[in-house]
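Here's the structure we're looking at; comments come further down.
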Amino acid sequence: MVYIITAACLDVMDRSCVDECPVDCVYEGRRKLYIHPEECIDCGACARVCPVDAISWDRDADADPTATDLTATDEIHAHLAAPLAAVDADLTARHPAASADADAHSDARRSQPVHTCYLPADQMSPDIVPVWAARATTLLAAHGSDPATLAAATGGDPHPATAAAVHAHVTRVLATEPIQDLRVDLEDGYGPRPDAVEDADTERAAAALRAASAAGTLPARYGLRPKSLDPTVRARGLRSLDLFLSALVADAAPPPPGLVLTLPKVGDPRQLTVFVAVLTELERRLGLAPIGVEVQVETPAAVLALPELVTAGLALGPGRLVGLHVGTYDYSASLGIGAADQASDHPAVEHATTMMQLAAAGTGIEVADGSSNLLPKDEQPSDERTVHRAWRRHAGLVRRAWHRGLYQGWDLHPGQLVSRHAAVGGCLLAGLDAALARLGAYVSGIEGAGIEGAGTVSGAIADEPATGRALAGHVRRALDAGLLDDAGLAAAGLHRTVVDRLATASPS
């Protein structure tokens with residue numbers, strides 16, 4: 001038996017017992033004192049000095065209904081759980097997007113682009129997006145003019161209704177938003193050039209981006225991939241970064257929204273820290289708001305250092321490190337994988353992207369898959385087989401990535417826009433009706449119970465909050481892609497605000 005402090009102590013808290021206790025097991029709560037049951041030695045010293053006789057054996061307290069007060073239990077729990085405050089703070093810092101104040105760390109409604117298109121700086125022009133769109137549309141007309149042909153060429157669902165919906169989706173996207181993210185490349189896709197040539201190409205590319213923005217053809221995201229911070233090219237990369245940003249604000253106007261910078265071949269978190277330090281100085285000098293940075297994970301050292309890399313990125317401030325992109329071919333080559341086997345579905349590369357997903361989970365940092373170097377070129381009349389082979393391979397990689405939770409990758413050629421959007425459309429349409437039905441039932445269940453974050457059962461499927469978030473994520477991506485509208489949501493008993501809230505809900 002141990003002693004407890006009953007409700008008679010409420011709002012009295014004389015503290016004589018605190019002074020008398022030889023083992024300091026009496027603690028102060030909000031309205032009364034309480035005795036820690038595991039620290040009490042049953043000496044009774046506190047009971048003898050209590051001026052209101054509020055302290056008794058626990059068996060006496062059980063018989064006294066006024067003694068059963070949950071405040072003491074709550075205070076004991078709070079005391080024992082106090083060490084978790086530091087854990088809570090660490091987890092919130094490490095997983096800001098999963099915390100209650102996630103909106104302070106990222107724009108929860110921001111749509112992740114389905115791809116990043118890399119273009120060597122010397123090929124950048126103000127009309128590059130409509131040029132790529134026109135080239136992709138020509139390839140679609142020549143080699144995938146009808147739904148059945150496109151489905152066969154990309155390995156998609158041959159069902160007539162699905163094939164028709166995918167073909168319509170590709171046609172519409174090529175006309176409205178063919179490129180969602182464009183990156184001017186001064187690294188591997190551009191290669192080493194004389195300094196004067198790279199200077200000129202860098203400044204021309206920045207000017208072309210501003211012109212594209214003025215013409216209304218600049219994608220929602222765009223940016224630059226300079227050379228890495230490797231000692232052999234460090235000075236060149238930082239010089240190009242300076243020239244690019246300076247050219248973007250040459251007329252004293254802010255750069256178009258959506259600017260992102262990609263830092264390649266990172267091997268140590270300190271390289272990211274230094275890159276951002278240089279960037280911060282450029283931002284100060286040019287009067288720029290903080291610019292988001294992506295890191296390319298393409299070295300074994302980067303994969304091994306992923307937790308530290310993400311931690312360093314988060315320490316740079318909310319919204320600074322925005323993405324991790326795998327570098328399929330550099331990483332494969334660094335492991336000794338032969339050229340014929342280098343691909344984003346190689347087990348070694350998939351291990352790297354899984355590690356990236358683990359390191360970025362709950363942080364709001366996006367993860368992107370790699371590219372396919374099999375290009376759908378049709379320079380000869382007999383090249384349809386080449387185009388179809390490239391489309392099928394690329395679309396297969398995209399579908400595999402989507403099934404693994406990787407919703408973004410690289411595209412290197414206008415023709416890959418066809419297979420990219422066909423694969424994405426097929427992934428989103430697959431199971432969309434079932435996802436809407438399950439999500440509608442889930443929302444109806446939690447609303448009927450009045451308990452948000454509880455599970456529901458619909459037919460033979462039990463959906464808990466985690467699957468509710470996944471279903472809402474699928475539905476929201478379909479909305480973003482234009483494959484679903486408000487009428488379709490309403491038919492399932494859903495609304496965009498509900499879908500957004502569930503898709504970004506914090507795990508609990």
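As the structure is a prediction and not an experimental result, all values here were calculated from the model. Side chains are part of it too, since the values below use all heavy atoms of this structure and drop only hydrogens, waters and symmetry mates.
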Check: Are a donor atom and an acceptor atom from the side chains of Asp411 and His394 found within less than 3.5 Å of each other?
Finding: yes
Check: Does the side chain of Tyr118 pick up a donor-acceptor pair with the side chain of Arg225 at under 3.5 Å?
Finding: no
Checklist line | Side chains of His325 and Glu294, donor plus acceptor under 3.5 Å | finding: yes
Notebook entry, point to check: Do Asp201 and Tyr190 have side-chain N/O donor and acceptor atoms under 3.5 Å apart?
Noted result: yes
Notebook entry, point to check: Arg172 and His169: side-chain donor and acceptor closer than 3.5 Å?
Noted result: yes
Next item on the list: Decide, yes or no, whether a salt bridge links Asp330 with Lys265 under the criterion of side-chain N to carboxylate O below 4.0 Å.
Entry: yes
Check: Are Asp195 and Arg239 within salt-bridge range, i.e. N to O under 4.0 Å?
Finding: no
Next item on the list: Output, in order, the C-alpha distance, side-chain angles, deciding distance and verdict of side-chain hydrogen bond (donor to acceptor under 3.5 Å, both in side chains) for Ser372 and Arg420.
Entry: CA-CA 11 Å; Ser372 172; Arg420 170 71 61 181; over 6 Å; no
Notebook entry, point to check: In terms of side-chain geometry, is the basic nitrogen of Asp157 or Arg399 positioned less than 4.0 Å from the acidic oxygen of its partner?
Noted result: no
Check: Do Gln342 and Thr328 have a side chain donor and acceptor closer than 3.5 Å?
Finding: no
Margin query: Just by distance, no angles: are the side chains of Ser240 and Arg236 close enough, under 3.5 Å, to form a donor-acceptor pair?
Written below: yes
Checklist line | Side-chain donor-acceptor contact under 3.5 Å, Gln296 with Thr262 | finding: no
Next item on the list: Tell me yes or no: between the side chains of Ser228 and Asp230, is some donor less than 3.5 Å from an acceptor?
Entry: no
Item checked: Salt-bridge present (Arg477, Asp480; N to O < 4.0 Å) -> no
Notebook entry, point to check: Is it true that Asp345 and Arg400 make a salt bridge, defined as a side-chain N closer than 4.0 Å to a carboxylate O?
Noted result: no
